[in-house]
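Letters go in sequence order (proteins before strands), and every chain restarts at 1.
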Amino acid sequence: MDVKTQIKNQIQETLKEKFDYEIGVDEIRLERPQNEEHGDWSSNIAMQLTKELKKSPKEIAEKIIEELDLEGEIEVSIAEPGFINFKLPGRIYTENLGKILEEKELYGNNTRLSGKRIMVEFAHPNPFKSFHIGHLRNIILGESIVRMLESQNADVIRVNYQGDVGMHIAKNLWAFMDIDPKDYPKTADEKTKLLGELYAKGATAFEEDEKARAEIKEINRKIYTKEDPGINQLWELGKTWSLEKFHEIYERVYTTFEREYFESETLDLIDKPIEKAKEKRILKESDGALIFNGEEYGLDIRVFVNSQGLPTYEGKELGLAVLKNREYGIVDLHIHNVAVEQKSFFAVTFKVKELLWPEEFKNRQYHNAYEFVGLKKGKMSSRKGNVVLGNDILNIAHERIGEIIKDREEIDGKEETAEIVGVGAIKWSFLKISPFKYLAFDLEESVNFEGDSGPYIQYTYARAASILREGGNNEKAGKVEFDAAKYTQKLSAEEEKLLKWLERFPEVVEAASKEYMPNYIATYLFELSQKFNSFYKNNIVLKENEKEIRNFRLALVKATSLVLKRGLDLMGIKTVEKM
RNA sequence: GCGCCGGUAGCUCAAUGGAUAGAGCAACAGCCUUCUAAGCUGUAGGUUACAGGUUCGAGUCCUGUUCGGCGCACCA
């Protein structure tokens, strides 16, 4: 039994004995005091119960601690107005240090989601359109969510769903048809640039030109029917161009997909569920379209098949559900990592899927509605061809890092280092803030490498790596060759803070994975780095004469480097040994 | 009109209903004669948008106001 559970059980028993008051263990909450001087754990139970027990919080707290029978030298104290604070013996933390060194990169994992199959759908860029800063937030967040779930022992299915049919394509093809194949660009960058321009041209024409609008609608129809070989060919070509570029980006951000779905694949599968939905009166006709009237569920009205008889995005979602079920059967949870602007869409399609296929979908769907990305300066619009491209951002970060390290002789692979650190800087800037908060992206700030930044953490890791490299055999440094109980007496302030902070990692990972908030990990790692750097400044490791202290510090450095690396890994960020 | 999200230091963000609201950046002042200065130490910076309420205790919960973002039938 861990310390936390022991304390809770004891409080529960004491309340029963002393006050004849029954309370569930889960209702007793132990908190981490913000101020570490208040101890390692804190309980507010005495204040909570003042009314019910009709006694002052202090009185209750005093009675509780009188009766507590805790094992293992836990210090208990009372603070105004009635907090009960627990201070754990140093031994717990030195023992945990041994645990980290033993478990290595598995430290922090748990088995909360063992046996669960979770499908995470993320990225979804649309072919023919650009992969912009919004997609970057999506894929970086999605990748981290996948890794966090895997750390909880879930069996994760990574999928991507991409819109390769619909009006946005038709707008593009309308402009695409005017390009002479002789003028087709050669490089992937030029190709995607052209596609972006074509979309902007088509979208503008659609809005401003009556004739163009009719033509685009006709192209859209032909995309669905596949009756026009010329259009089919252009469609294939543009899609290939797009996907080539998308895969380049996936690779750069260390993402892979087990299955990439396309809207075009769903088209043949839509009729059946639509029929079924009509029979069950889930969908109804209205003004020539087939709609779901969500009002009775407090939801919006949304169109599943338009009055032209073409399925909308909503309709295709039903086809996708059929396809997924066919390929993967029932999964425990479907996570859709899609920005908050689609909240209404998911609320409705979730409800329809649940009504159609309760066994497969009821209580098995979650829309991770993360917030929008915008620019701190200026506005973005793909319609106007004015977008910040994902790749450009990564390139700029890469270049900036390249400049910084170009004169550092000790770094071997400068290009690779610049890439890893550059990508890390961008990922960090996205993940360090809550996903559920609007992100005002500022390129200058995200490539600022000081303080709360990816490179700062990576740099801290490299410092640790450097000590371990020069400390000789890493394996040996990884062994704690000292008497843990005795050594705690001699800890410096920095050592103690670092040691204690390392022990929190597993609970941070668990909370982050439960709430889909990688920023918890970022905050933790930043504080870990600060504590390590402070330790680094004031506690010499390699030149320490006393062998016992030297070994302890090497162990501490090793453990810190393991946790830094693992934490960054959960965020989808790589480390370098030298930078 | 209805719904969802947000407003915390000059800027970007933290803060499971808890103890003195914390960081980073920017500004200012220090530290390279110890393992990487992408580092460390310090100073300054706050009516937590506003007004009520609930609570032993509110940045956090409730109500209203206000400002901003997003969404609400044939786009995805």
Ring centers of Tyr459(A), Tyr456(A) separated by less than 6.0 Å: no
Residues, nucleotides or ligands: over 12 heavy atoms within 6.0 Å of Lys217(A) NZ: no
P gap between G18(B) and C74(B), integer Å: 44 Å
Side-chain N or O of Lys343(A) closer than 4.0 Å to phosphate OP1/OP2 of G3(B): no
Pairwise C1' distance, U47(B) and A21(B) [rounded to whole Å]: 13 Å
Rounded P spacing from U8(B) to G59(B) in Å: 15 Å
Any Tyr456(A) side-chain N or O less than 4.0 Å from OP1/OP2 of C40(B): yes
Under 3.5 Å donor-acceptor pair, Arg463(A) side-chain atoms to A37(B) base atoms: no
Ring-on-base stacking A19(B) with Phe83(A) (under 5.5 Å, under 30°): yes
Whole-angstrom distance between U48(B) and G17(B), as gauged at atom C1': 15 Å
Sugar-phosphate only, base, or nothing, as touched by Lys578(A) at under 4.0 Å among non-hydrogen atoms: base
Interatomic distance at C1', G46(B) relative to U33(B), whole Å: 43 Å
Integer angstrom distance from the P of C75(B) to that of A26(B): 49 Å
Given A76(B), C56(B), A15(B), the nucleotide with the shortest approach to the side chain of Tyr520(A): A15(B)
N or O in side chain of Thr312(A) less than 4.0 angstrom from C74(B) OP1/OP2: no
Under-3.5 Å donor-acceptor pair between Asn533(A) side chain and G39(B) base: no
Neighbour count >12 (heavy atoms, 6.0 Å) for atom NZ, Lys497(A): no
Distance-only donor-acceptor test (3.5 Å): side chain Asn85(A), base A19(B): yes
Nearest-neighbour nucleotide for the Ile540(A) side chain, C56(B), C40(B), U34(B) considered: U34(B)
N/O (side chain, Gln530(A)) to phosphate O (OP1/OP2, G24(B)) under 4.0 Å: yes
Side-chain H-bond candidate by donor/acceptor type, Trp235(A) with Asp164(A), under 3.5 Å: no
Euclidean distance, atom CE of residue Met579(A) to atom C1' of G39(B) [Å, nearest integer]: 11 Å
Same-atom distance (C1') from C13(B) to C28(B), integer angstrom: 23 Å
More than 12 heavy atoms from other groups under 6.0 Å of NZ on Lys578(A): yes
Side-chain N or O of Arg400(A) closer than 4.0 Å to phosphate OP1/OP2 of A38(B): no
Distance below 4.0 Å between Lys437(A) side-chain N/O and A14(B) OP1 or OP2: yes
pi-stack flag for His38(A) and A19(B), centroid dist under 5.5 Å, interplanar under 30°: yes
Side-chain N,O (Lys537(A)) to OP1/OP2 (U41(B)) below 4.0 Å: no
C61(B) versus A15(B) - spacing of their P atoms, nearest Å: 12 Å
Between CD on residue Gln458(A) and OG1 on residue Thr417(A), distance to nearest 0.5 Å: 10.0 Å
N/O donor-acceptor pair, side chain Ser42(A) with base A19(B), under 3.5 angstrom: yes
Quiz item: Ser286(A) side-chain donor-acceptor pair to A73(B) base, under 3.5 Å: yes
